[in-house]
Participant: 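A single structure is presented below for examination.
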Number of protein chains: 2
Amino acid sequence: MKLNTLAKRDRSGRGGANLRQIATELGVSMMTVSRGLRGSPEVSAVTRERILAAAERLKYRPNRVVSAFKTGRTGLVGVMVRPSKLYRCDLIEGIHDTLVAAGSLPVMHFSRTGGEAAPDAAELGCLHRLLDQRVDGIVFWPSDETVPNHYLEEVWKRGVPLVAVDRPLPHTRADFSGTDDVAGGRIAAEHLLSLGHRRLAILCGEPWVSTYADRRQGFVEAVTAHNATAACEKAGDDAVVCEQIECRNEAAIDESRELLSGRERPTAVFAVSDVLAAHVYEAAAALTLSVGVDVSVLGYADIPEAGLLRPSLSTVRQDFQEIGRNAARLLLDRIEGRNTADRARSIRITPTLVARQSTSAPNHH
Amino acid sequence: MKLNTLAKRDRSGRGGANLRQIATELGVSMMTVSRGLRGSPEVSAVTRERILAAAERLKYRPNRVVSAFKTGRTGLVGVMVRPSKLYRCDLIEGIHDTLVAAGSLPVMHFSRTGGEAAPDAAELGCLHRLLDQRVDGIVFWPSDETVPNHYLEEVWKRGVPLVAVDRPLPHTRADFSGTDDVAGGRIAAEHLLSLGHRRLAILCGEPWVSTYADRRQGFVEAVTAHNATAACEKAGDDAVVCEQIECRNEAAIDESRELLSGRERPTAVFAVSDVLAAHVYEAAAALTLSVGVDVSVLGYADIPEAGLLRPSLSTVRQDFQEIGRNAARLLLDRIEGRNTADRARSIRITPTLVARQSTSAPNHH
DNA sequence: CCACAAAATGTTATCGTTAACGATGATGGG
DNA sequence: CCCATCATCGTTAACGATAACATTTTGTGG
């Protein structure tokens with residue numbers, strides 16, 4: 001009781017004035033002040049000036065809490081991310097920038113699994129907390145773990161728009177902002193092929209991760225397409241071979257070590273993620289193979305560490321900041337009623353190749 | 001006008017019920033429901049159960065906007081960071097975790113400089129936006145650029161507590177959570193000295209950055225202390241020499257190249273940041289010196305890339321997650337009225353040494 | 001100089017919740 | 001059996017801003 005009283009905040013003082021105080025000061029009604037401050041055309045220029053001046057003088061700041069109460073718009077957007085994904089801060093930066101430009105702010109919520117018993121309870125809790133704050137919308141970054149969609153159903157029912165980033169949510173009407181990973185896989189293949197590599201390998205990552213699967217698909221498609229063309233042209237045995245290796249991160253070093261030990265070892269390896277590529281570096285080092293000389297290695301994503309590796313890692317860059325901006329734009333279109341379509345909208349950006357030291361023309365041994 | 005109407009949200013429906021609906025459903029007053037839901041002891045156990053059940057059934061979710069309006073507590077804490085600092089997401093994670101445990105959520109706001117004309121206008125704008133949202137408190141991560149404190153004065157006047165992280169704000173009553181960088185510098189020196197190095201160098205970074213200055217101070221103090229002791233013991237010319245080089249990041253490669261070119265070059269270099277240490281790597285590579293063999297390199301911070309460098313970088317690790325947690329704790333103590341002291345409180349955690357490959361006993365040439 | 005539209009301002013009610021206080025019924029001791 | 005006491009619940013008003021509607025003022029043409 002006492003503690004509560006102590007902790008209670010003084011709403012009245014706070015150094016800043018409220019509408020009523022400005023109104024009293026100027027001898028006008030609160031409504032006029034409200035209109036004046038929001039730039040309504042209904043108020044005369046002189047009055048507006050007086051109001052603005054008084055607001056400045058009294059250090060008035062609009063109370064978005066009350067405004068939210070009245071208008072139903074809080075100016076807050078929930079951003080829900082698994083902390084394991086947090087290294088991609090540029091995505092959050094992109095979301096932030098677009099939101100701020102529209103007068104909103106992101107509320108962060110990192111979702112952890114709720115222990116072994118309830119692996120998804122945490123995610124539900126996060127959603128509830130965001131919903132309780134009456135956020136205008138939610139950006140959700142799904143992780144590898146499967147997401148139970150009935151949680152999202154509740155968001156939908158409450159009429160709060162939701163956008164998925166990085167990887168789409170299947171069976172949901174949520175909009176999506178991410179990368180065209182099939183194109184990314186194609187770009188990877190084309191880079192290696194154009195360098196002259198004919199014996200390729202791809203480290204596919206976990207097969208159930210949809211983004212990885214897409215990259216693989218694009219890569220394999222491009223190789224197949226190349227073979228079709230090449231066969232026509234040169235009639236023959238110049239066909240590109242492409243070994244596909246499914247493995248999770250932990251097994252990557254061993255797998256790629258085995259891959260690179262064979263006599264007919266590939267001259268270039270495409271790893272579907274930069275982390276995977278780093279593991280290929282390890283394997284190559286153990287076999288005293290020089291990355292970028294004896295074997296080309298190509299990553300995917302362009303994580304900050306990519307440029308710091310030695311040799312620096314060639315990779316397919318995803319512009320996460322742009323993905324974030326797109327996510328925010330999709331969301332704002334919903335929030336501000338510009339997009340009322342039932343169908344989910346989806347924006348995928350095409351990644352770009354960043355050629356660094358780890359890829360070069362094959363060294364015919 | 002039309003647009004506005006379209007964009008307006010349906011507060012009533014929303015899939016969820018409000019207090020009144022529960023009250024009507026149960027035939028009790030709204031007040032009883034309010035009390036029951038918040039676990040007030042004034043309501044009987046039976047009634048509480050009925051209320052809780054009804055709330056569950058009607059999918060009631062408390063409206064924190066209105067709650068904030070009434071109680072003056074939004075459950076939101078502003079986190080203001082320069083985007084350049086964003087790579088340290090673990091700090092934000094630490095803040096987040098402690099806040100969530102206390103029923104609050106972080107609102108992120110990245111401050112950019114407002115162009116060349118108004119380098120600090122952006123920061124003021126950020127503060128205003130956070131204040132407008134009526135956040136309960138603000139965590140502020142100052143950057144290298146000097147911060148005009150009169151902005152913070154406004155926060156203070158509004159009675160919103162503010163905590164600085166990473167580097168303290170001079171001339172402010174803001175609480176502070178950071179690292180004991182003087183101790184960190186000492187730890188760095190002791191590590192190198194215990195390995196047997198006697199010719200040291202320190203790359204000091206920009207001298208006006210207080211954290212860098214502290215690290216330097218600790219380092220130099222430890223060396224001096226060592227010399228004092230060593231002089232007593234061995235009477236002599238065994239004295240440790242320590243070259244101090246002030247340089248900003250851009251000049252680091254050239255400076256350390258020059259440093260390592262001399263005949264009496266240091267056997268170990270302490271860089272006051274990991275990024276600086278990475279530049280020493282570059283310089284060493286250019287001189288065909290092997291880091292960790294010919295010259296030891298010690299960094300500071302333990303950025304994620306440190307372990308990925310080859311050889312892996314020994315460094316003085318700052319636990320940013322803990323720093324974040326401390327910041328949130330300091331803030332919550334203010335918000336919840338547990339700390340009403342005028343004086344600023346400050347928590348500095350002692351960093352720890354992470355010995356990896358880049359430091360070893362000197363190789364006497 | 002009046003009628004009448006347009007511009008400018010004022011009034012009222014309200015959003016969902018809660019603090020403060022008031023009311024009711026039950027319990028129990030004298 | 002009555003009144004004090006307590007547990008439980010209800011009523012009222014308010015938080016700050018705003019939509020909707022009502023009202024006053026200004027301007028304009030006849």
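Each chain gets a letter, A, B and so on, in the order the sequences are listed, and its residues count up from 1.
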Participant: Taking all non-hydrogen atoms of both residues into account, name the closest pair between A/R334 and A/R343 and its distance.
Facilitator: NH2-O, 3.1 Å

Participant: Backbone N or O of A/L76 within a donor-acceptor pair of the A/R134 side chain at under 3.5 Å?
Facilitator: no

Participant: Please work out if A/P62 contacts a base, only the sugar-phosphate, or nothing of the nucleic acid, heavy-atom cut-off 4.0 Å.
Facilitator: nothing

Participant: Could you tell me how far apart A/M31 (CE) and D/dG16 (P) are, to the nearest whole angstrom?
Facilitator: 17 Å

Participant: Let me see the working for B/D132 and A/R64 under salt bridge (charged side-chain N to carboxylate O under 4.0 Å, His left out), right down to the final yes or no.
Facilitator: CA-CA 6 Å; B/D132 293 354; A/R64 289 210 72 159; over 6 Å; no

Participant: Counting only side-chain nitrogens and oxygens, does A/S34 get under 4.0 Å of the OP1 or OP2 atom of D/dT18?
Facilitator: yes

Participant: Taking the nucleotide of DNA chain D with the nearest heavy atom to each, does A/R38 or A/E42 sit closer to the 5' end?
Facilitator: A/R38

Participant: Only one of B/Q133, B/R129, B/E123 passes side chain to side chain donor-acceptor pair (under 3.5 Å) with B/H109; say which it is.
Facilitator: B/R129

Participant: Quick one: is C/dT9 close enough that its OP1 or OP2 comes under 4.0 Å of any side-chain N or O from A/T47?
Facilitator: yes

Participant: Taking atom types as they are modelled, would you say the side chain of B/K70 forms a donor-acceptor pair with the base of D/dA14 within the 3.5 Å cutoff?
Facilitator: yes

Participant: Calculate the interatomic distance between A/L58 atom CG and D/dG16 atom P; express it in whole Å.
Facilitator: 15 Å

Participant: Closer than 4.0 Å, any side-chain N/O of A/Y60 to the OP1 or OP2 of D/dG16?
Facilitator: no

Participant: In whole Å, I'd like the distance from the CG atom of A/N63 to the P atom of D/dT18.
Facilitator: 9 Å

Participant: Rounded to whole Å, please give me the gap between CG in B/L37 and P in C/dA19.
Facilitator: 13 Å

Participant: With a 4.0 Å cutoff (strictly under), does any side-chain N or O of A/S44 reach OP1 or OP2 of C/dT9?
Facilitator: yes

Participant: Taking CD1 from A/I51 and P from D/dT18, how many angstroms apart are they, rounded to a whole number?
Facilitator: 12 Å

Participant: Return the value, rounded to whole Å, for the distance between atom CD1 of A/I22 and atom C1' of D/dG16.
Facilitator: 12 Å

Participant: Return no unless some side-chain N or O of B/T71 is found under 4.0 Å from OP1 or OP2 of D/dC15.
Facilitator: no

Participant: For DNA chain C, whose closest nucleotide is more 5', that of B/V66 or that of B/R35?
Facilitator: B/V66

Participant: Output yes when A/E322 and A/R325 qualify as a salt bridge under the 4.0 Å nitrogen-oxygen rule, no when they do not.
Facilitator: yes

Participant: Which part of the nucleic acid does A/V65 contact within heavy-atom distance under 4.0 Å: base, sugar-phosphate only, or nothing?
Facilitator: nothing

Participant: Can you tell which of C/dT18, C/dG16, D/dG10 lies closest to the side chain of B/R20?
Facilitator: C/dG16

Participant: Output the rounded distance in Å from CG (B/N18) to P (C/dT14).
Facilitator: 15 Å

Participant: Taking atom P of D/dA14 as reference, at what distance in whole Å does atom CZ of A/F69 sit?
Facilitator: 15 Å

Participant: Can you see if the side chain of A/T32 gets near the phosphate of C/dT9 - specifically, an N or O under 4.0 Å from OP1 or OP2?
Facilitator: no

